[in-house]
Amino acid sequence: MAEESQKWVLMVTAQTPTNIAVIKYWGKRDENLILAINDSISVTLDPAHLCTTTTVAVSPAFNEDRMWLNGKEISLSGGRYQNCLREIRARANDVEDEKRGIKIAKKDWENLHVHIASYNNFPTAAGLASSAAGFACLVYSLAKLMNVQEDNGRLSAIARQGSGSACRSLYGGFVKWVMGKEENGSDSVAVQLVDEKHWDELVIIIAVVSSRQKETSSTSGMLETVETSALIEHRAREVVPKRIIQMEEAIRKRDFATFTHLTCADSNQFHAVCLDTSPPIFYMNDTSHRIISCVEKWNRSEGTPQVAYTFDAGPNAVLIARNRTSAALLLQRLLFHFPPNSETDLNSYVIGDKSILKDAG
Ligand code: DP6
């Protein structure tokens, strides 16, 4: 290590977008390794909108690993953080910053500590997949700092151990998380189906119904579903495998009608298994239901679908419009049905692709 070793700090900053599942992951077969009971497919959002920015730093002056999330220190003692840190450290390599005369040998990483500062540009834990972007960014930035020579697929298997959905944020475009068969999770990785240019006319609008923290976390919600729902096994074994095949084909062919049918049906089935959980889990609220009715009516009246909707573990609507014209019409409709400052709690729209954040609250 360099002379005057207490004086240097080496830093890396990375930015990772969140992803929204169009075929949902819900249920684990291994809680510790985070292995899913079904494959899932997601679309990665434009990093300009919903993303996490993480800076990781190492210095001999640091005497413990520490992390700050949105400026507030959080504990790293949880198994998920520890698993990610351990897996990345185990793959660390020599690092040299010639200009500053800093040399870190592979073996030094065991004794060096990191400081991590992470910032979400969107509400944390409000069903906007903040853990997905967060763990993907943590793993990616640590891997860069420690000169880890693994491809994104291998890194996705590490991010997965932070939060299942995080593995899909290591790639842009449409991404599949293959659940895998191995007990050690080595084949439970993300693969890119198509890159972000493949279907670039799609526009994603997120109607922020509520930015409050959700009552039931995804982690505990899916555990309760697996333990108590009679429908979840049917979903994981019979329904999702067929949908995965159909969805991959719809994405490859840019078949928006099939894409919309599958996306909406899968969101609705996910919320149905939540309702089938004991005690039942309600992620959507009245405003979410009204958005669904509004989109369903519009799609039916047009003959060909214009917009797909999907809701994660929260009331916020993710609306995927077939093109810019449909997106503009969708916004008009949303503003008509949910005018700013009306009695509904819909308060902002985050629009994918171009940077518009309208805060009407
Ligand atoms: C509804 O990945 O947040 O968004 O693996 O326990 O951290 P953990 O859960 P998480 O669950 C995401 C659930 C979902 C569907 C999805 O993203 O596929």
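Atom set for the values below is all heavy atoms of this structure, side chains included, hydrogens, waters and symmetry mates excluded. Computed from a predicted model, the values in this text were never measured in an experiment.
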Query raised in the report: With no hydrogens and no angle check, do the side chains of Thr260 and Thr263 hold a donor and an acceptor under 3.5 Å apart?
Result: no

Requested in this report: Start with the C-alpha gap between Asn121 and Thr53, add the side-chain angles, then the distance that decides, and say whether side-chain contact (heavy atoms from CB on, under 4.5 Å) holds.
Outcome: CA-CA 8 Å; Asn121 68 349; Thr53 305; over 6 Å; no

Query raised in the report: Does some side-chain heavy atom of Leu45 sit less than 4.5 Å from a side-chain heavy atom of Ile204?
Result: yes

Query raised in the report: So Asn19 and Thr44, side chain to side chain donor-acceptor pair (under 3.5 Å) or not? Walk me through it.
Result: CA-CA 4 Å; Asn19 70 75; Thr44 301; 5.5 Å; no

Report task. Enter the distance from Ile102:CD1 to Asp97:CG here, rounded to the nearest 0.5 Å. Result -> 5.0 Å

Query raised in the report: Can we say Arg154 and Asp151 salt-bridge, meaning some charged N sits less than 4.0 Å from an Asp/Glu carboxylate O?
Result: no

Query raised in the report: How about Tyr283 and Asn316: does a side-chain donor come under 3.5 Å of a side-chain acceptor?
Result: no

**Report entry** Chi angles and distances behind the side-chain contact (heavy atoms from CB on, under 4.5 Å) call for Ser326, Leu329
**Finding:** CA-CA 5 Å; Ser326 317; Leu329 289 171; 5.6 Å; no

Report task. Would you indicate whether the side-chain heavy atoms of Leu330 and Val203 approach each other to under 4.5 Å? Result -> no

**Report entry** Matching residue for Trp177 among Ser42, Ser188, Ser156 - test: side chain to side chain donor-acceptor pair (under 3.5 Å)
**Finding:** Ser188

Query raised in the report: Any side-chain donor paired with an acceptor under 3.5 Å for Trp8 and Ser59?
Result: no

Report task. Dump the intermediate steps for side chain to side chain donor-acceptor pair (under 3.5 Å) on Thr225 and Trp26, then the final yes or no. Result -> CA-CA 8 Å; Thr225 300; Trp26 196 251; 3.0 Å; yes

Query raised in the report: Any chance the side chains of Glu224 and Thr277 put a donor and an acceptor closer than 3.5 Å?
Result: no

Query raised in the report: Is there a donor-acceptor pair closer than 3.5 Å between any side-chain N or O of Arg322 and the backbone N or O of Pro305?
Result: yes

**Report entry** Pair Asn268-Tyr309, side chain to side chain donor-acceptor pair (under 3.5 Å): steps then yes or no
**Finding:** CA-CA 9 Å; Asn268 291 332; Tyr309 58 81; 2.9 Å; yes

Query raised in the report: So how far is it from Asn152 CG to Leu170 CG, rounded to the nearest 0.5 Å?
Result: 5.0 Å

Query raised in the report: Can you tell me if Ser229 uses its side chain to pair, donor with acceptor, with the backbone of Ile232 under 3.5 Å?
Result: yes

Requested in this report: Any chance you could lay out the salt bridge (Lys or Arg N to Asp or Glu O under 4.0 Å) test for Lys103 and Asp108, step after step, and finish with the verdict?
Outcome: CA-CA 10 Å; Lys103 263 192 186 164; Asp108 293 336; over 6 Å; no

Query raised in the report: Can any side-chain N or O of Gln161 pair as donor or acceptor with the backbone N or O of Asn32 at less than 3.5 Å?
Result: no

Query raised in the report: Hey, are the side chains of Val12 and Thr55 touching, using non-hydrogen atoms and a 4.5 Å cut-off?
Result: no

Requested in this report: Using atom types as modelled and distance alone, determine if a side-chain donor or acceptor of Ser288 lies under 3.5 Å from a backbone N or O of Asn285.
Outcome: yes

Requested in this report: State yes or no: do Tyr119 and Leu76 share one hydrophobic cluster built from I, L, V, M, F, W and Y residues joined by side-chain heavy-atom distances below 4.5 Å, directly or via other members?
Outcome: no

**Report entry** Sidechain-backbone polar pair: Asp94 side chain, Lys106 backbone, donor-acceptor under 3.5 Å
**Finding:** yes

Query - Check: Asn83/Arg80 side-chain N/O donor and acceptor closer than 3.5 Å - result: no

Query raised in the report: Is any side-chain heavy atom of Glu73 closer than 4.5 Å to a side-chain heavy atom of Met67?
Result: no

Query raised in the report: Rounded to the nearest 0.5 Å, what separation is found between the OH atom of Tyr171 and the CD atom of Gln192?
Result: 7.5 Å

Report task. Could you walk me through whether Asn70 and Asn120 pass the side-chain contact (heavy atoms from CB on, under 4.5 Å) test, one step at a time? Result -> CA-CA 7 Å; Asn70 296 329; Asn120 292 332; 4.0 Å; yes

Query raised in the report: Hey, are the side chains of Lys176 and Val178 touching, using non-hydrogen atoms and a 4.5 Å cut-off?
Result: yes

Report task. Report yes or no: do Tyr81 and Val148 belong to one cluster of Ile/Leu/Val/Met/Phe/Trp/Tyr joined by side chain heavy-atom distances under 4.5 Å? Result -> yes

Query raised in the report: Any donor-acceptor pair under 3.5 Å linking the side chain of Ser75 with the backbone of Ser77?
Result: yes

Query - In one Ile/Leu/Val/Met/Phe/Trp/Tyr side-chain cluster, 4.5 Å: Ile292, Trp298 - result: yes

Query raised in the report: Roughly how far, to the nearest 0.5 Å, is SG of Cys274 from CD of Gln269?
Result: 11.0 Å

Query - Derivation and outcome, salt bridge (Lys or Arg N to Asp or Glu O under 4.0 Å), residues Arg243 and Asp266 - result: CA-CA 8 Å; Arg243 282 189 183 155; Asp266 204 69; 2.9 Å; yes

Report task. Ignoring hydrogens and angles, tell me if any N or O in the side chain of Arg160 forms a donor-acceptor pair with the backbone of Leu33 under 3.5 Å. Result -> yes

Requested in this report: Answer with yes or no whether the hydrophobic clustering places Ile34 together with Leu223; edges join I, L, V, M, F, W, Y residues whose side-chain heavy atoms lie under 4.5 Å apart.
Outcome: no

Report task. Decide yes or no on side-chain contact (heavy atoms from CB on, under 4.5 Å) for Ile291 and Val209, but give the supporting numbers first. Result -> CA-CA 10 Å; Ile291 294 174; Val209 172; 3.9 Å; yes

Query - Joint hydrophobic cluster, Val194 plus Val189, side-chain heavy atoms closer than 4.5 Å - result: no

Query - Expected output: side-chain Ser267 to main-chain Phe311 donor-acceptor under 3.5 Å - result: yes

Query raised in the report: Ser278 and Thr228: side-chain donor and acceptor closer than 3.5 Å?
Result: no

Query raised in the report: Is it true that Glu150 and Arg91 make a salt bridge, defined as a side-chain N closer than 4.0 Å to a carboxylate O?
Result: yes

Query raised in the report: Is there a donor-acceptor pair under 3.5 Å between the side chain of Asp65 and the backbone N or O of Val114?
Result: yes

Query - Aromatic contact, Trp199 with Phe259 (centres under 6.0 Å) - result: yes

Query - pair Gln149-Asn93: side-chain heavy atoms closer than 4.5 Å - result: yes

Query - Validation row: Val318, Ile205 side chains within 4.5 angstrom (heavy atoms) - result: no

Query raised in the report: Between Asp39 and Met179, is there a donor-acceptor pair closer than 3.5 Å when you use the side chain of the first and the backbone of the second?
Result: yes

**Report entry** Ser165 side, atom OG; Tyr25 side, atom OH - distance, nearest 0.5 Å
**Finding:** 7.0 Å

Query raised in the report: Rounded to the nearest 0.5 Å, how far apart are OG of Ser218 and NZ of Lys24?
Result: 10.0 Å

Query raised in the report: Do Glu248 and Leu193 come within less than 4.5 Å of each other through their side chains, counting heavy atoms only?
Result: yes

